[in-house]
Amino acid sequence: MEQSEIVNLIIETINTIFSNIFSSLDNNLYANLDNITFIGPDIISNSFFTKILGANGKNGLIYLTDALLLGISIFYCVRLFYSNYMDAHVERPSQFLFKLVVFAVFINFSYFLCEQILSINYLISSSIQEIGKSICGSNISFAQLISGLNSKISFNDTSLDIFSIDGIIKSFISVGLVNLLFTYSLRNILIQIFILLSPFAILSLINSSTSWIFKSWSKCLFSLLILQDFIPLIMMIIFSINSTNKILLVAGIYSLIHINTYIREMFGGINVEFSGRIGGLISSLKK
């Protein structure tokens with residue numbers, strides 16, 4: 001066998017392998033992106049957390065928070081008693097009792113409040129998707145996005161050439177979409193965790209020295225939820241990009257990957273980028 005034939009065989013084998021990988025990703029993994037990304041109020045009844053916490057797990061967390069609230073009340077009574085003998089500043093009983101009643105109500109309805117917030121956020125993102133559908137003429141979803149990207153990136157003789165410009169762009173887009181899958185999966189899990197911890201976050205407001213916990217909690221949850229409203233806006237722009245300008249398609253995928261960073265710089269919050277996590281892990285291993 002001549003050297004050129006060996007090189008062609010190697011290239012053909014590489015193209016076949018990558019073609020099968022990309023096809024498998026398109027047909028299997030990416031179908032979950034829409035369910036993972038666009039989160040509604042049904043996330044609160046996720047079966048994973050039900051198995052961990054039990055059938056009444058959420059009520060159990062509220063009962064635990066109520067017990068802590070009772071402990072804080074007892075501690076206040078003790079401080080109030082000793083304040084009569086020691087020069088210590090204690091807030092008035094009427095003021096503390098009002099705060100106690102208000103926070104007790106918010107704690108016991110914390111999951112209901114979170115459910116309404118999720119419903120409003122889901123309604124906003126769904127409205128943006130509907131507007132995008134009327135403008136672009138197609139569903140604003142990852143399933144439709146991947147189908148559109150595949151149609152815009154053409155290959156010679158309908159086969160993938162990994163060493164061509166289209167092949168390189170297809171590779172970058174596939175790697176970017178896998179990154180999105182992990183990033184938005186992490187976001188999905190973090191939202192559930194923050195919602196489950198909502199009674200404790202509200203409880204932290206009862207004392208000024210612990211109120212920073214609620215501020216950090218609310219900022220992180222807000223940044224994770226509002227991400228859902230920016231994603232369909234970016235997808236609308238990607239749908240409107242001409243198929244001849246493939247660099248803008250790459251830029252659109254890059255924007256979807258790093259939108260969390262931009263939101264975090266504007267509003268604060270938490271980083272859920274999978275690439276950033278891997279980079280940080282590699283850096284820590286080098287030290």
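One is the number of the first residue; the rest follow in order along the sequence.
The heavy-atom pair separating Ser204 from Thr210 by the smallest distance is O-OG1, 2.6 Å. Between Cys220 and Phe194 the shortest heavy-atom distance is CB-CZ, 3.7 Å. Residues Ile270 and Arg264 come closest through the heavy atom pair C-CD, 3.5 Å. Across Met235 and Leu145, no two heavy atoms sit closer than the pair CE-CB, 4.2 Å. Here the shortest heavy-atom pairing between Pro199 and Ile107 reads O-CG1, 3.9 Å. Contact detail for Tyr111 and Leu196: the closest heavy-atom pair is OH-O, 2.8 Å.
Residues forming a ring-ring contact (aromatic ring centres under 6.0 Å, His included) with Phe214 (at least two apart in sequence, or on another chain): Trp217. Partners of Ile234 according to the side chain to side chain contact (heavy atoms under 4.5 Å, CB included) rule, which considers only residues two or more places apart in sequence or in another chain, are Ile238, Ser255, Leu256, Ile259. For Phe222, the ring-ring contact (aromatic ring centres under 6.0 Å, His included) test picks out Phe267, with sequence neighbours left out. Every ring-ring contact (aromatic ring centres under 6.0 Å, His included) that Tyr254 has, sequence neighbours left out, goes to His258. Taking the side chain to side chain contact (heavy atoms under 4.5 Å, CB included) definition, one finds that Val105 meets it with Phe109, sequence neighbours left out. Applying the side-chain hydrogen bond (donor to acceptor under 3.5 Å, both in side chains) test to Asp66 and every residue at least two apart in sequence or in another chain returns Asn108. Looking at residues two or more places apart in sequence or on another chain, you find no salt bridge (charged side-chain N to carboxylate O under 4.0 Å, His left out) involving Lys215. Listed by chain and number, the residues in a side chain to side chain contact (heavy atoms under 4.5 Å, CB included) with Ser73 are Phe96, Leu100 (sequence neighbours excluded).
Note on Phe75 and Phe98: separate hydrophobic clusters, where clusters join Ile, Leu, Val, Met, Phe, Trp and Tyr whose side-chain heavy atoms are under 4.5 Å apart, directly or indirectly. Linking Ile, Leu, Val, Met, Phe, Trp and Tyr whenever their side-chain heavy atoms come within less than 4.5 Å leaves Leu118 and Leu123 in two separate clusters. The cluster map of Ile, Leu, Val, Met, Phe, Trp and Tyr, joined by side-chain heavy atoms under 4.5 Å apart, puts Leu248 and Phe230 in the same cluster.
Around the NZ atom of Lys219, the shell of radius 6.0 Å holds no more than 12 heavy atoms that belong to other residues, nucleotides or ligands. With a 6.0 Å radius and a threshold of 12 heavy atoms from other residues, nucleotides or ligands, Phe106 has its CZ atom at or below the threshold.
Rounding to the nearest 0.5 Å gives a distance of 5.0 Å between OG of Ser110 and CD1 of Ile202. Between the CD1 atom in Ile206 and the CD1 atom in Ile72 there is a gap of 5.0 Å [rounded to 0.5 Å]. One finds the OH atom of Tyr262 at 16.0 Å from the OG atom of Ser223 (value rounded to the nearest 0.5 Å). Between the CG atom in Leu197 and the CG atom in Leu221 there is a gap of 10.5 Å [rounded to 0.5 Å]. Expressed to the nearest 0.5 Å, how far OG1 of Thr183 lies from CG of Leu177 amounts to 11.0 Å. Atom-to-atom distance recorded for Ile189:CD1 and Ile36:CD1 is 9.0 Å, nearest 0.5 angstrom.
Other cluster members for Ile237: none, since no ILVMFWY side-chain heavy atom sits under 4.5 Å from it. The other residues sharing a hydrophobic cluster with Ile213 are Trp212, where clustering joins ILVMFWY side chains under 4.5 Å apart.
Within the 4.5 Å cutoff, the side chain of Glu265 has heavy atoms near those of the Thr261 side chain. Side-chain atoms of Ile231 and Leu227, non-hydrogen and from C-beta on, do get closer than 4.5 Å to each other. Counting only heavy atoms from C-beta outward, the side chains of Phe103 and Leu203 never approach each other to under 4.5 Å. Residues Ile128 and Ile140 fail the side-chain proximity criterion, which asks for heavy atoms closer than 4.5 Å. Two residues are said to be in side-chain contact when any heavy atoms from C-beta on lie closer than 4.5 Å; Leu224 and Leu190 meet this criterion. The side-chain heavy atoms of Phe142 and Leu180, taken from C-beta on, include a pair separated by under 4.5 Å. The shortest side-chain heavy-atom distance between Pro232 and Phe38 falls under the 4.5 Å cut-off.
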Which side-chain N or O atoms in residues 131-139 pair as donor and acceptor under 3.5 Å with protein atoms at least two apart or in another chain?
{"residue": "Lys133", "atom": "NZ", "partner": "Asn139", "partner atom": "OD1", "Å": "3.3"}
{"residue": "Ser134", "atom": "OG", "partner": "Ile131", "partner atom": "O", "Å": "2.6"}

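Arg187 places a side-chain N or O within donor-acceptor distance of the main-chain N or O of Thr37, the cut-off being under 3.5 Å.
For residues 113-131, the side-chain hydrogen bond (donor to acceptor under 3.5 Å, both in side chains) pairs, not counting sequence neighbours, are Ser125-Gln228.
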